[in-house]
Visitor: 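Quick one: the structure is below, questions incoming.
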Amino acid sequence: MQADSPQIVQSFLFHANVVAPWAARRAGVPHVVTGIRVAERRKRWHLRLARWADGWVDRHVCVSESVRAFSAGAGGLPNDKLLVIPNGVDLKRFATARSAPPSDLGIPSGRRLLAFVGRLDRQKGLDWLLRLLPRMLDGLPDYDLLVVGAGPRRVALAELAAQVGLVDRVRFVGYRGDIPKILAASELLLLPSRWEGMPNVVLEAMAAGKPVVATEVEGVVEALGPAGSRQIVRPDHGEAFAAKVRVILQDAALAAELGQANRARVEEHFSITAMVESYERLYESLASGRA
């Protein structure tokens, strides 16, 4: 191998994680690092293929401790190859003062926004959230739910919003590239997911200084830290989820306190600089033979 030949192949997400070890071996690249970004609970054959490819992999980087535990337990990957490097967020990009919603959304003046940001897929739990919405928004007539994202369940979810009688208060705006502006205009991020890894949108809301109400899925407890007890609900505990939302919306001081705690935590633990430095240390250790 020539001195300037690639030493490491890094892959992310399932399909690349299976193909990359085989491709690296064919190309004579000595080291492979995969990135495991979600505790995939639907496709167990994914786990079998990951085990099959493991013999050609030096390290599996998991985005959270809970994903590492899932990868070792359900996935059967060896503990000594599993490493946790959390996601990082660009803090400057989300340090935006509170502002009005982007004008092209057509939000009437005076409406207040709760934000859901994610793929419109069963994993993300928007169907569960929509069924909760009438109870959640009872007595909160000024609030609407802003649904940001695209996906295969878009039509079914819009129909569900109509079925629960809130079609005028659920605003589907599709994929957006201006999430910092969306979060700046919102008062609270909602994450009703059924499973995750280390949800970037939670880190982004934290960087924007916003409170969060989330289900207790992979990565959320690690992200929110000590303030999580006031922002996290066990999955399928709908009444508790709705109650936490209402408590935060009706207490401006609490909302501000949680937003400040979230911003401080993401600054300390989840900067993009810290993430990059962790990857650099890993790559240097592999290239030098110290790993």
Visitor: Taking the side chain as everything from C-beta on, heavy atoms only, tell me whether Trp52 gets closer than 4.5 Å to Val18.
Guide: yes
Visitor: How long is the straight-line distance from CD of Gln123 back to CD of Glu40, given to the nearest 0.5 Å?
Guide: 7.0 Å
Visitor: For the hydrophobic clusters of this structure (ILVMFWY residues joined by side-chain heavy atoms under 4.5 Å, transitively), does one cluster hold both Val201 and Leu190?
Guide: no
Visitor: side-chain contact (heavy atoms from CB on, under 4.5 Å), that's the test. Do Asn200 and Val89 meet it? Break it down for me.
Guide: CA-CA 8 Å; Asn200 282 324; Val89 63; over 6 Å; no
Visitor: Ignoring hydrogens, what is the shortest heavy-atom contact between Pro211 and Leu258? Give both atom names and the distance.
Guide: CB-CB, 4.0 Å
Visitor: Keeping the roles fixed (side chain from Asn87, backbone from Phe270), state whether a donor-acceptor pair exists under 3.5 Å.
Guide: no
Visitor: Would you check if Asn262 and Lys210 make a side-chain contact, meaning some heavy-atom pair closer than 4.5 Å?
Guide: no
Visitor: Is there a path from Leu114 to Leu140 through hydrophobic residues (I, L, V, M, F, W, Y) whose side chains come within less than 4.5 Å of each other?
Guide: yes
Visitor: Looking at side-chain heavy atoms only, is the closest gap between Leu105 and Ile182 below 4.5 Å?
Guide: yes
Visitor: What I'd like to find out is whether the side chain of Arg176 reaches to under 4.5 Å of the side chain of Asp104, using heavy atoms alone.
Guide: yes
Visitor: Could you tell me whether the side chain of Tyr279 reaches within less than 4.5 Å of the side chain of Met275, counting heavy atoms only?
Guide: yes
Visitor: Considering non-hydrogen atoms only, spot the tightest contact between Ala72 and Asn79 and give its length.
Guide: CB-OD1, 3.6 Å
Visitor: Verify whether one side chain among Ser64 and Ser66 offers a donor that lies under 3.5 Å from an acceptor in the other.
Guide: yes
Visitor: Name all pairs fulfilling the ring-ring contact (aromatic ring centres under 6.0 Å, His included) condition that reach into residues 133-159, sequence neighbours left out, sorted by first residue then second.
Guide: none
Visitor: What residue pairs, at least two apart or across chains, pass salt bridge (Lys or Arg N to Asp or Glu O under 4.0 Å) with a residue in residues 267-289?
Guide: Arg263-Glu267
Visitor: Determine whether a donor-acceptor pair (N or O, by modelled atom type, separation under 3.5 Å) exists between the side chain of Arg37 and the backbone of Gly197.
Guide: no
Visitor: Which residue in the set Lys81, Gln10, His60 passes side-chain hydrogen bond (donor to acceptor under 3.5 Å, both in side chains) when paired with Thr34?
Guide: His60
Visitor: So which heavy atom on Asp58 is nearest to which on Pro30, and how close?
Guide: OD1-O, 3.8 Å
Visitor: On a heavy-atom basis, which atom in Trp195 and which in Ala39 lie closest, and how many Å separate them?
Guide: CD1-O, 3.1 Å
Visitor: So, do Lys244 and Ile232 sit near enough that their side-chain heavy atoms are less than 4.5 Å apart?
Guide: no
Visitor: Quick one: closest heavy-atom pair of Asp142 and Arg169, and the distance?
Guide: N-NH2, 4.4 Å
Visitor: Which pairs pass salt bridge (Lys or Arg N to Asp or Glu O under 4.0 Å) with one or both residues in residues 126-137, sequence neighbours excluded?
Guide: Asp127-Arg131, Asp127-Arg194, Arg135-Glu239
Visitor: Is it the case that one hydrophobic cluster holds both Leu113 and Val247, taking links as side-chain heavy atoms less than 4.5 Å apart, direct or via other members?
Guide: no
Visitor: Test of understanding: clusters of I, L, V, M, F, W, Y form through side-chain heavy atoms closer than 4.5 Å, transitively. Do Leu132 and Leu166 belong to the same one?
Guide: yes
Visitor: Does any part of the side chain of Leu183, heavy atoms only, come nearer than 4.5 Å to the side chain of Glu204, both counted from C-beta?
Guide: yes
Visitor: Answer yes or no: is there a donor N or O on one side and an acceptor on the other, between the side chain of Arg68 and the main chain of Leu83, under 3.5 Å?
Guide: no
Visitor: Check Pro235 against Val217 and note the closest heavy-atom contact, atom names and distance.
Guide: CG-CG1, 4.5 Å
Visitor: Less than 6.0 angstrom separating the ring centers of Trp128 and Phe241, yes or no?
Guide: yes
Visitor: Taking side chain as C-beta onward, heavy atoms only, is Gln7 less than 4.5 Å from Tyr283?
Guide: no
